[in-house]
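Written out below as structure tokens is the structure these notes cover.
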Protein chains: 2
Amino acid sequence: MPRAGLDPAAVVAAGAALADEVGLDHLTMGLLAQRLGVRTPSLYKHVNGQEDLNRRIAALAVSEAADAVGSAVQGYAGRDALAAALRAFRAFVLRHPGRYAATTGVEPTGPDDPMADASRRLFGAFRAVLRGYEIAESDVDHALRMLRSLCHGFATLQGAGGFRWSADVDESFEWLIAFADRGLRAM
Amino acid sequence: MPRAGLDPAAVVAAGAALADEVGLDHLTMGLLAQRLGVRTPSLYKHVNGQEDLNRRIAALAVSEAADAVGSAVQGYAGRDALAAALRAFRAFVLRHPGRYAATTGVEPTGPDDPMADASRRLFGAFRAVLRGYEIAESDVDHALRMLRSLCHGFATLQGAGGFRWSADVDESFEWLIAFADRGLRAM
DNA sequence: CAGGCTTGGCTAATAGGATTAGCTTTTGGC
DNA sequence: GCCAAAAGCTAATCCTATTAGCCAAGCCTG
């Protein structure tokens, strides 16, 4: 029997891709094994069960989101930077609903957790956006939480099929960007 | 063997309560049956499996949320109404994390679905809040989606243990209310 | 190049949860 | 009191995660 040549990174990448395809709640060890051309128990040589797999997919997702937002923001400031960041974030979530869903409820276990580093990078990107606005130092954390809530809420609701009725969803998102910009400017 | 005297409403209520206690993903048919003093298969006389149970819990949750927001808003207008609505919504989600979690991804199947009615009531409450602001008719849907995203995002992130770092979460939420008020006022 | 250790894959077995089938008893209406 | 529907129950099935233990492949060393 030939080796499949797997390693943890390959398993996690395939798991993330599969989660995007079939939805995180339909991601099963058996399905993932099948996708990788291997029997289910073999996966346990690379990840420590489903919870561990979920953690790793989450870390990958946050890291990718940080890259996406970080590079989208490059070269912009103020409203342009805000719009670029929010659009990049939403695009990432809609493009990768499964792996993004894996991030909810996962918190870094310690400072050496790859998740912690990825989170820091993602927050750093948003924090940089806020530098284009005149916000009191004491308000920055509140503003960050607000932006995160806005992004997370909109993207997950859209991904879950909320927003059914008439108005155009992209238009709503652009409206939301304008709203956030006005609100941040009027401090 | 004495009858337990269950009916669908009792099963759903117990399921919702249990979901709040142990988390929606740890809500199991076996655990629910045990809580009700009955064997697992007996539940199937009242609900059509887990998916149906989830749907019904979701409908209950949205209905209760609509009641909570609706009555919190009574007698207020403008910023006070906005603050009351957002606080009531967040309080509901934090108080009932399990049943609220059941609502994500559940959409009404038809106009006769109890979920549809509950959703309409909840949206009606928020729509009433927006009447206290001068918003163009064409912007109302966008504003509703924004408010929903903000509430949903903040409450679910907090419930999932996001917002770990320093700043006080209640303070952030009050800041968010002020932010939303300013943004809606400055149209 | 042989031997051996580590690694990655496999089969078989265990355990838990959802669901269905089919039986039995209660209970409300006559 | 009788009967049909409703509400429980046991037993059985299926699916998924996970563990145990076996075996081959591939590398590293001599």
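In what follows, chains carry the letters A, B, and so on, assigned in the order in which the sequence lines appear, proteins first and then strands, with residues in each chain numbered from 1.
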Mark yes or no: Arg90(A) above the aromatic ring of Phe173(A), with NZ or CZ under 6.0 Å from the six-membered ring centre and no more than 45 degrees from the axis. yes
Check the distance between dA18(C)'s P and Asp52(B)'s CG and give it to me in whole angstrom. 14 Å
Between Tyr100(B) and His152(B), is there a side-chain heavy-atom distance shorter than 4.5 Å? yes
Separation of atom NE2 in His26(B) from atom C1' in dG17(C), rounded to whole Å: 13 Å
Interatomic distance, Leu53(B) CG vs dG17(C) P [rounded to whole Å]: 16 Å
Think His46(B) has a side-chain N or O under 4.0 angstrom from the OP1 or OP2 of dA6(D)? no
Nearest of dG8(D), dG9(C), dC10(C) to any side-chain atom of Lys45(B)? dG8(D)
Ignoring backbone atoms, establish whether Ser42(A) has a side-chain N or O less than 4.0 Å from OP1 or OP2 of dC10(C). yes
Is the shortest side-chain N to carboxylate O distance from Arg35(A) to Glu21(A) below 4.0 Å? yes
Residues 26-34 of chain B, side-chain donor-acceptor partners within the protein, below 3.5 Å, at least two apart:
unit_1   : atom_1 : unit_2   : atom_2 : d
His26(B) : ND1    : Val22(B) : O      : 3.2

Between dG17(C) (P) and Leu43(B) (CG): distance, integer Å: 14 Å
Protein heavy-atom contacts under 4.0 Å, written 5' to 3' over nucleotides 15-20 of chain D as B (base), S (sugar-phosphate only) or - (none), form the string -SSBB-
Could you list the donor-acceptor pairs under 3.5 angstrom formed by side chains in residues 92-99 of chain B, with sequence neighbours left out?
unit_1   : atom_1 : unit_2   : atom_2 : d
His96(B) : ND1    : Asp20(B) : OD2    : 2.9
Arg99(B) : NE     : Asp20(B) : OD2    : 2.8
Arg99(B) : NH1    : Glu64(B) : OE1    : 3.0
Arg99(B) : NH1    : Glu64(B) : OE2    : 3.2
Arg99(B) : NH2    : Asp20(B) : OD2    : 2.9

How close or far is atom P of dT27(C) from atom CG of Leu6(B), stated in whole angstroms? 13 Å
Determine whether Arg56(A) and Pro8(A) make a side-chain contact, defined as any pair of heavy atoms from C-beta on separated by less than 4.5 Å. yes
